[in-house]
Amino acid sequence: MKQQAVLTKLENKRQQAREGGGKKRVDAQHGKGKLTARERLEVLLDPDSFEEYDMFVEHRSTNFGMNDNITPGDGCVTGTGTINGRLVYVYSQDFTVFGGSLSEANAKKICKVMDMAMKTGAPVIGLNDSGGARIQEGVDSLAGYGEIFQRNVNASGVIPQISLIMGPCAGGAVYSPALTDFTIMAQGSYMFVTGPDVVKTVTHEEVTQEDLGGASVHTTISGVADLSFSNDIVTLRQTRRLFNFLPLNNRQGTPSRPTNDPADRVETSLNTLIPDDPNKPYDMKELIIRICDEYDFFEIQPDYAKNIMVGFGRMEGKTIGIVANQPMEMAGCLDISASRKAARFVRFCDAFSIPLVTLVDVPGFLPGINQEHNGIIKHGAKLIAAYAEATVPKITLITRKAYGGAYIVMSSKHLRSDINLAWPDAEIAVMGPKGAVEIIFRGEKDMDARAEEYKEKIANPFIAASRGYLDDVIRPQNTRSRICRALTILENKDEKNPWKKHDNLPL
Ligand code: HXC
């Protein structure tokens, strides 16, 4: 009898937790075209895989009538589940309960799943939809953020961390996503440290939430977010897709899945990818897609610093990280944004043992006052440091230009790249033939003939190959098979950096 009463109480509490902030607020959430915290987890996770923790956690505040306003779970749904059968820890802020605000109690729930994820070696995905620190609680809520930040930092490089922004994310709350590996925004969500009202008071600038920190701002201008999608469902489905490429932790190695795509697939279309005119652009994405298993490439930050592309593909079923200059944008040169974008991606891949394939067609660093004054020296150095410290298998292919410092930066042999290949059109030199002869033959006549001579003597792959800086010059059509073979050769690569507490990356 007593047991029955407890079970009834249990079920009632569960039901209360499931209802969140009540029908009115749930309807308001749906009215904005959004899913609730629990509905989102249903889309993100495999059916019936969600194991909820801490459904009965309640806040302990008493001020402002809070003791009469208690919802079991306290506005954040936490637990574990699977994505395509692989373990993941999740937390999902419930905007219908105090605007999803972070309380002492629900911060502890988030910390618990992060601690469990570290102990069991599984990624964490956080679904953010929150008005920030719970105003009624004051410092207890701020403490909660601090505890989460500390765990984000400890987990960095140990387990993948993904932040989904599905509503407001303002104030110091933005720093947890910023400390994680990937930030993905649903359109209509926003992130900013200080909102439009504060901005207006302090700087007299008038701006909307969307223009200050909407998805389009963060995926194209600031680079704070990696991806954005049109609504909750697409965001969650694409997150599942990204998850499939990632290892569960830094000890497990890259995930693998069966493929019918032959490693020795010949792609004759690649033989004509490079235009005859060396200054004419071509789409490097064509090459990426043609060498990946089943032509499947998951691009990260596709709308930011488009002059470099980064993302995940697979070869013979195993995840690889691809970094590629894009000649279609600013001739594929390296600038501040491209250097930072690529450096961060290279470091993610290295931390999680994902081999790197680098496709090079780079005319150099972008010249200009803006670039110099904003620190291209320091930001460019980030990419050098990222490649130089990376000990994962590194394979580089030069398709066309590899000029100047950018040649060295883009995973050259000199930065411990393992296998370096080039197509027959590759030109490796201090600069392009035209610029070079204008300096060394200044004032002379017949510069065209000089440029031809320079090209003949310097700007071809065979000089670098004769020094061993290239391991081979290959036919474009064989690119996939040669990279697949290189990956197999390097599978058991073991390289270590000297002992140190940590490096001093040029931040
Ligand atoms: C407690 C909150 C809350 C908060 C919203 N609510 N934010 N409750 N603490 N931080 C409650 C509201 O009272 C309301 O309750 C419900 O959530 C929905 O909020 P609305 O304002 O009706 O929704 P909307 O119009 O969509 O506006 C959403 C919002 C706005 C833009 C997020 O609520 C807002 O500006 N909130 C305050 C944001 C803020 O200043 N947070 C502190 C940031 S500083 P009812 O009962 O009516 O449903 C910070 C520091 C972190 O976070 C530091 C970390 C180091």
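For ligands, and for the atoms within them, numbers begin at 1 and follow the listed sequence. Positions are given from 1, in the same order as the sequence printed here. This one's a predicted model, so the numbers in the text were calculated from it and none came from an experiment.
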Is there a protein heavy atom at a distance of less than 4.0 Å from atom 48 (O) of ligand 1? yes
Verify atom 15 (O) of ligand 1: protein non-hydrogen atom under 4.0 angstrom away: no
heavy-atom search around atom 52 (O) of ligand 1 in the protein gives Ala133 N, 2.8 Å
Is Ile135 in polar range of ligand 1, meaning some N or O pair under 3.5 Å apart? yes
Do the side chain of Asn106 and the main chain of Ser103 share a donor and acceptor less than 3.5 angstrom apart? yes
Hey, does Pro168 come in under 3.5 Å of ligand 1, counting only N/O atoms on both sides? no
Can Leu383 and Met410 be said to form a side-chain contact (heavy atoms from CB on, under 4.5 Å), step by step? CA-CA 8 Å; Leu383 188 50; Met410 292 300 296; 4.3 Å; yes
Please confirm whether the backbone N or O of Leu507 pairs with a side-chain atom of Lys378, one donor and one acceptor, at under 3.5 Å? no
Quick check on atom 7 (N) of ligand 1 - does any protein heavy atom sit closer than 4.0 Å to it? yes
Under 4.0 Å from a heavy atom of Arg134: which atoms of ligand 1 are those, numbered in the order shown and with their elements? 1 (C), 9 (N)
Within ligand 1, which atoms have a heavy atom of Gln136 less than 4.0 Å away? 1 (C), 9 (N)
Output yes when Asp74 and Arg134 qualify as a salt bridge under the 4.0 Å nitrogen-oxygen rule, no when they do not. yes
With a 4.0 Å cut-off on N to O distance, would you call Lys13 and Glu58 a salt bridge? yes
Any ion pair linking Arg347 and Glu389 (charged N to carboxylate O, less than 4.0 Å)? yes
For ligand 1 and Leu142, I'd like to know whether there is a polar contact (N/O to N/O, distance under 3.5 Å). no
Under 6.0 Å from the six-membered ring centre of Phe245 and within 45° of its axis: does the NZ or CZ of Arg314 meet both? yes
Taking the six-membered ring for Trp, are Phe182 and Phe348 closer than 6.0 Å centroid to centroid? yes
Phe345 ring center near Phe312 ring center (under 6.0 Å): yes
Please report whether atom 26 (O) of ligand 1 has a protein non-hydrogen atom at a separation of less than 4.0 Å. yes
What is the nearest protein non-hydrogen atom to atom 29 (C) of ligand 1, stated with its residue, atom name and distance? Tyr190 OH, 4.3 Å
Given Gly75, Ala28, Gly131, Gly171, which has its nearest heavy atom closest to atom 42 (C) of ligand 1? Gly131
Can you find an N/O atom of Phe149 closer than 3.5 Å to an N/O atom of ligand 1? no
Less than 4.0 Å from atom 40 (O) of ligand 1, is there any heavy atom belonging to the protein? no
Polar contacts were defined as any N/O atom of the residue lying under 3.5 Å from an N/O atom of the ligand; does this apply to Arg25 and ligand 1? yes
Would you indicate whether the side-chain heavy atoms of Ile125 and Phe243 approach each other to under 4.5 Å? yes
Establish whether atom 34 (C) of ligand 1 and some protein heavy atom are separated by less than 4.0 angstrom. no
Output the list of atoms in ligand 1 that are nearer than 4.0 Å to some heavy atom of Lys32, sorted by atom number. 26 (O)
May I ask whether atom 20 (P) of ligand 1 is less than 4.0 Å from at least one protein heavy atom? no
As a check for students: among Phe64, Phe95, Phe98, identify the option with a heavy atom nearest to atom 28 (C) of ligand 1. Phe95
Tell me if the aromatic rings of His379 and Phe365 count as close, with their centers under 6.0 Å from one another. no
Per the side chain to side chain contact (heavy atoms under 4.5 Å, CB included) rule, which among Ile300, Leu227, Ile165 passes with Ile184? Leu227
